[in-house]
Number of protein chains: 2
Amino acid sequence: MSATIKDVAKMAGVAVSTVSYALNNSPKISEETRRKVVRAAEALNFRPSGAARNLKKRKSETIGLFLNDLGGPFYSQVIEGVQEIVASHDYNLIVCSTYGGENSSAHRFLREKFVDGAIIMGTAISDSLILQVASESFPIVVLDRELRGDYVHNVLITNEQGGYDAVAHLIKLGRRNIEFLSGPSAAFDNTQRYEGYKRALLEHDLPVPKRIAMHGRFLEAGGYQAVKLLLASKRLPDAIFAANDEMAIGAIRALHEAGLRVPEDIAIVGFDNINLAPLIRPALSTIGHSKFEVGAIATQLVFNARKEEDVIILPTQLIARQSCGFSGGVSEQDHDNLVASILHVGGRTKH
Amino acid sequence: MSATIKDVAKMAGVAVSTVSYALNNSPKISEETRRKVVRAAEALNFRPSGAARNLKKRKSETIGLFLNDLGGPFYSQVIEGVQEIVASHDYNLIVCSTYGGENSSAHRFLREKFVDGAIIMGTAISDSLILQVASESFPIVVLDRELRGDYVHNVLITNEQGGYDAVAHLIKLGRRNIEFLSGPSAAFDNTQRYEGYKRALLEHDLPVPKRIAMHGRFLEAGGYQAVKLLLASKRLPDAIFAANDEMAIGAIRALHEAGLRVPEDIAIVGFDNINLAPLIRPALSTIGHSKFEVGAIATQLVFNARKEEDVIILPTQLIARQSCGFSGGVSEQDHDNLVASILHVGGRTKH
DNA sequence: GTGAAAGCGCTAACAC
DNA sequence: GTGTTAGCGCTTTCAC
C-alpha cells in the first residue's frame, strides 16, 4: 500500500490540511513547514490520489477524445489539434477507442464522468447516449455527424461541396464515366460526398449510375477488393471518385495489378488528403481539409460549453496531383498556403 | 448537478446499498427491487461516478499507454496489440501523449495512479520517474529502452541484428559506400541500429565513416533535409541505411528531386516496415518486426505484474523490396507468413 | 433480501 | 499559519 496524505501529515508532524495546502503551493504555508512536508512526502514516496481529488473537486480536468480506430492515418492531425488546445487550457487529454460497443472504454468513460468533456469521432457511440450524457458540466462535440441537442456541438466539413468539386474536376478533364467508390452507406461523410458526386453529374448532364457499384468500407483493402470486383465485370469507367483516400489507394493498387495505368486509363480522386496522398505513385489527387483545425475548433467548443448548439463547417479544397491526370487545380506548392488560409476561418455558423 | 446514488435510493424508497447492489447485478437483490431501482435510476438519468468508485475500490481498471507522439504512423499497430489484450481482460485503455514534460498528462496520470499499470514508449518520461512509481500495484512496461527495476519490464526488438541484416544485405548486393541516416543520438533504438550497421561494415572489411553524416530526427522531413545536405557536399554514397522508415521516405524524396534514381544510383533500406513502406515508389526495403505483438506482449506483462523484471526480445526480419535493388531477401508475398510466425515467439528471455 | 454505517484519500470552509 | 472537520459518491461489512 502506498502512502496517503495522512501518513505524510503524521511523519511531518502537521495536520492533513497543512499537507494539502503545502503540496498545492498555497501561499499561506510558511516556507519551513512546506519544506518539512515536502521532505516527508518524498521520504514516503507519496503520490496524491487522482481519484480522491477528482471526487472532491468534482472534475477531472481532462477531456476525452473518442475514436473508432486509434490507429487510423486520418486521425493523427485531428489529435494534434485537440492536444494543442487541451494543453493550452492546462487540461489533460485521453484518447480512447470506441471499439467494443456497450462495453468499450469509451462508453464507460462517457457514462462515468471520467472526463469533463468529450470529442467524438466515429459512429460507434449512439446519438441517444450522446444526448443523454451531454450536460452543462459535460459538453460534447461530434465530428462526423449532424446531431442537435443541448450542450452538443458539431464540427463538420463541406463534404457535399468537396464531392462536387472532385467530380466536376474529373469532368472538366474530359472524363465521362465516373464511378463512386463508396464507404459505409450509413456514414454521414460518405452520404454527403455521394450527394456531391451526384450533383456534379447532374449539372453536367451526365447519367447517374442507378446503383453504387463499389463499396470499400473506407479501408485500403476494401478499395482494392471493390476494384478487383469491378474489373471482373469488364465494364470499366474512365474515372473513380473514392469517398476517402485509403480506398483510393487500394483502388490504385488493384488497377496497377491489372496492368491499367493511372491516370491514363482511369483517373482517380480521393478525399481527405491524408499524409500518404502525396507520397504514393501516382501522387493522389484528393479533397483536402484542415484536420488539425477540426480538432482545435472542436476542443475550443468543449471549453466554451454553451447550451445552444454550435455548428461549425470548415471548407474543403481540391488538391490536384497526378492521379487525376492534369494538374488543373491547386498545385501542391500552393497547398500549404491554402491550408494556412483554411486555418483562419473560425466562422461560427448557426443552422 | 447530476443525480447521485442517494437520489436514486430516495426515489426508489430503498437504501443506498441496495441501489449499489441492484445496479451491480448482485444476485441477492430481488427482481422486484431491482426493477424499482433501475426505473428510478433511469428517471433521474443517474450515472455512477467513476471517481468515487475508483477511490473506494482503489483501482481504476484501466491501463495507460503513453506515447511521445499520438499521431505517428508507427504506433498504430502497437496500439492495436495493446487494445486487444486490454479488452480481453475487460479493462479500459487510455492513450495519452507524453508531450509537455513535467506537466504533461502522462506525468500526471503516472503520478496520480489514475491507471493501474502503464506501457511507455518514447523517451519523454524519465527513467527515474518510472522507477519511482513502479510498484506491485502499478507495473510498468517500457518499449524502447532498457530499464531494470522492480515491477518494470522491457519489450524490445533485435535492433542491432536488424541493422546488421540491412547493411549486410546492401553489401551483398555490391554496395560499398553505405551511409547511416541517424535518428536522435540519444534514442536507444537508434544507437542499437547503428551498432548493427557498424558491425556489418567491420565484418565485411569496409571502413566505418568517422562520423555520422546525416541526422534526421526520425522524421520524414528530417530525412529529406539530411539528404539535401548530403547532396550539397557532392560526396555521394551508393547506399543509405536509414534508422527508420520515415527518414528513408524523406531521403527518397530528396534523391528524386535531385534527379537521382533509387535504387540504381543509391539503394535505400529503412527500419520498422510501417504501413507506408510497400506503398511508396520504389517500394521500401526495410527491417520488419511485429508491432502488434510488441503491444500485445507488453500488455500481458502489465497484467502479470511480477516483481522480477522480464525482458522480452522479439525478432526482426529483412524485407527486401525495390528500394535496395535486388529482391534477394524475403519476398513481399512471403512476408505475411513470416509475420505470422513472428507472432508466435512468446519466448521469455531473461538477462 | 435489505438497511445502517464506516470509510476510500483527498479539499476547503471554518475556527483559532 | 495551522488544525479540525465535514463531506465528495461510491462499495462493502455487518446486522437484522
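Every chain is numbered from 1 and lettered A, B, ... according to where its sequence line falls, protein lines coming before strand lines.
For A/D116 against A/E61, the heavy-atom pair with the smallest separation is OD2-N, 2.7 Å. Residue A/F188 comes nearest to A/L156 through the heavy atom pair CE2-CD2, 3.8 Å, listed as atom of the first residue, atom of the second, then distance. Nearest heavy atom pair, residue A/L147 against residue A/V152, reads O-CG1, 3.7 Å.
As a whole-Å value, the separation of A/D116 CG from D/dC8 P is 18 Å. Regarding B/D7, its CG atom lies at a distance of 11 Å from the P atom of D/dC8, rounded to whole Å. A/R53 has its CZ atom 19 Å from the P atom of D/dC10, to the nearest Å. The distance between atom CG of B/N25 and atom P of C/dG1, rounded to the nearest whole Å, is 15 Å. Note: NZ (B/K10) to P (C/dT2) measures 20 Å, nearest angstrom. The separation between B/L55 atom CG and C/dA6 atom P is 17 Å, rounded to whole Å. The CD1 atom of A/I5 sits 13 Å away from the C1' atom of D/dG3 (whole-angstrom rounding). In this structure, B/N24 atom CG and C/dT2 atom P are separated by 15 Å, rounded to whole Å.
For D/dG9, its base never sits under 3.5 Å from the side chain of B/K6 at any donor and acceptor pair. Applying the 3.5 Å distance criterion, the base of D/dG9 shares no donor-acceptor pair with the side chain of B/K56.
Of the charged side-chain nitrogens involved, at least one lies within less than 4.0 Å of a carboxylate oxygen, so that B/E31 and B/R34 count as a salt-bridged pair.
For B/D7 (side chain) and B/T4 (main-chain N/O), a donor-acceptor pair under 3.5 Å exists by modelled atom type. For B/H107 (side chain) and B/G101 (main-chain N/O), a donor-acceptor pair under 3.5 Å exists by modelled atom type.
Listed nucleotides: D/dT5, C/dT2, C/dG9. Nearest to the side chain of B/K28: C/dT2. Each of C/dT2, D/dC10, C/dC10 was ranked by its minimum atom distance to the side chain of B/I29; first place goes to C/dT2. Comparing C/dT11, D/dT2, D/dG9 by their nearest atom to the side chain of B/T4 picks out D/dG9. Of the candidate nucleotides C/dC8, D/dT12, C/dA4, D/dT12 has the atom nearest to the side chain of B/Y21.
Comparing B/K57 and B/G13 by the nucleotide of DNA chain C that holds the closest heavy atom to each, the one mapping nearer the 5' end is B/G13. Along DNA chain C, the nucleotide closest to B/E31 and the one closest to A/V16 are compared, and the more 5′ of them pairs with B/E31.
Remark: A/F46, A/R47, A/P48, A/S49, A/A52 in residues 36-52 of chain A come within less than 4.0 Å of DNA chain C through at least one heavy atom.
Remark: B/R58 is in phosphate contact with C/dG9, judged by side-chain N or O atoms under 4.0 Å from OP1 or OP2. Phosphate proximity of C/dG1 to B/T33: absent, as no side-chain N or O sits under 4.0 Å from OP1 or OP2. Between B/T18 and C/dG3 there is a side-chain polar atom (N or O) within less than 4.0 angstrom of OP1 or OP2.
Counting heavy atoms from C-beta on, the side chains of B/L23 and B/V38 come closer than 4.5 Å. Between A/E293 and A/V155 there is no side-chain heavy-atom pair separated by less than 4.5 Å.
For the helix from C/dG1-D/dC16 to C/dC16-D/dG1, the axis fitted to the five pairs at one end and the axis fitted to the five pairs at the other end meet at an angle of 40° (nearest 10 degrees).
Contacts of B/S17 with the nucleic acid, taken as non-hydrogen atoms under 4.0 Å apart, include base atoms. Within 4.0 Å of A/N54, counting heavy atoms only, lies no atom of the nucleic acid at all.
Ring-plane geometry between A/F109 and A/F66 is classed as tilted, the angle between the planes lying from 30 to 60 degrees on a 0 to 90 degree scale.
Remark: the A/T62 side chain and the A/N92 side chain contain no N/O donor-acceptor pair separated by less than 3.5 Å.
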Extract all donor-acceptor atom pairs below 3.5 Å that involve side chains of residues 120-140 of chain A and protein atoms in other chains or at least two apart in sequence.
residue, atom, partner, partner atom, Å
A/S126, OG, A/S128, OG, 3.2
A/S126, OG, A/L129, N, 3.1
A/D127, OD1, A/R145, NH1, 2.6
A/S135, OG, A/S137, N, 3.4
A/S135, OG, A/S137, OG, 3.4
A/S135, OG, A/F138, N, 3.4

